[in-house]
Structure formats: structure tokens, C-alpha cells
Amino acid sequence: MAPRAAVFIDRDGTLTEEVGYVNHPRRLRLLPRSAQAIRRLNAAGVAAVVVTNQSGVARGYFSEEVLTAVNASLVAQLKDEGAHLDGIYVCPHHPTEGAPPYRMICDCRKPSPGLLRRAASELGLDLAGSTLVGDKPSDLVAAGAVGARSVLVLTGYGLGEWEFRRDAFPQRPDHVAQDLLDAVEWAIGRRSA
Ligand SMILES: [Mg+2]
Ligand SMILES: [Zn+2]
């Protein structure tokens, strides 16, 4: 089977509300058009894969068990709306905060592209034909490192980053979108173009 295209999706601020560290499942809320965006990917046969930095684990703010429960809530909230994720890939590390084993210089904390590479290998994804959507410059850099396209959304930190800090971006986005649904429409259009 030919490798499949994916849209990689940052979690906090892109798929869900940016509320700081999500240390309880009830703090996790989908953004308004997120379920619609995932349904659109499901219908188009494009893999929908979450890639998220969760250094709250390394920092000791919440356990991996809580993180698992939070992500289970994400899956359940999407399922209630008829939407399905193909994978959730998490970096729980931080290079300098907390204690080992989570305090480490890893290859998966964005802007490093380790989560994208792991997902591509496990799910059979075509990175060069894929797009990453996120609300921070570190997301854009991770996409660039594997030859994927990048979209900055203006939800979460995106608006402030784009309005006030774009001159300092180490990597320009290929596209700027209002939200995840707009980003997904752009990615799907690019694919069939
Ligand atoms: Mg984010
Ligand atoms: Zn990591």
C-alpha cells in the first residue's frame, strides 16, 4: 500500500482550547470547529494525527496516567461528534526541568521532528505529502525538518505569534488559517491540486 498523507495536528491551542497545563480531563475542551475538521479528514481518507509536547509530565505537574486520561477524553469528545483520530503522539520530556527519565534531551519535543518520524514509521505516512497544523513557531519548524508543509492557525497562541512576533519566526508557515477547519481545507485542496 502506498504511504498515506496525513495532517499532523498540535493539540493545545490548535485542536483544543489553550488553557495552560491540562492536568485534568475536564480542562480539555475542543475548539468550536475541531470535530468538523477531523470529520473532513476522515472523509477525505487523510490520516489525522495529533503531535503534542506535554512537558507538564517532566515538570511533575501531572502524571502520565493523567495525560492518558486527558487524551482519552479527547478521543471520546471527538467520537461523540463522529470524528476519529488515527494516532496521538506525545513528548513528555523537558531538557532541563524535573527529574529523569523525563528530564532529557530527546528527539521528540517539537521543534524536533521525532514525533512526526515515529508516526510516519508506525502508520505508514508520506511525510513529504503531509501537512502540520499548529499555533506556535516550534510546530512550523518540526514540519520543515521533515519536508512537510506547515500551517499556522490563529487560535491559541497563533494570533499573537503572527501579529507581533512573525519577524522572529525561524520558519515561515506555508499558509496562515483562521482555525483548524480552514487549515484542513487548505491541506486537502493542496493534496488534490
Ligand atoms: Mg499549541
Ligand atoms: Zn521528547
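Read the numbers this way: they start at 1 and go in the same order the structure lists the ligands and their atoms. If you read the sequence from its start, that first residue is 1, and numbering goes on from there.
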Is it the case that the side chain of Asp126 and the backbone of Ala5 share a donor-acceptor pair, with hydrogens and angles ignored and the cut-off at 3.5 Å?
no
Verdict with reasoning, Val90 to Asn71, per side chain to side chain contact (heavy atoms under 4.5 Å, CB included):
CA-CA 10 Å; Val90 180; Asn71 285 336; 3.7 Å; yes
What N/O/S atom of Asp10 gets nearest to the Mg ion (ligand 1)?
OD2
Which is the closest N/O/S atom of Asp12 when seen from the Mg ion (ligand 1)?
O
For His93, what is the atom name of its N, O or S atom nearest to the Zn ion (ligand 2)?
ND1
Under the 3.5 angstrom rule, does the side chain of Arg11 hit a backbone N or O of Thr16 as a donor-acceptor pair?
no
Do NZ/NE/NH1/NH2 and the carboxylate oxygens of Arg33 and Asp182 come within less than 4.0 Å?
yes
In Asp135, which N, O or S atom comes closest to the Mg ion (ligand 1)?
OD1
Arg40 bridged to Glu185 by N-O distance under 4.0 Å
yes
Angle at the Zn ion (ligand 2) between SG of Cys108 and SG of Cys91, to 10°?
110°
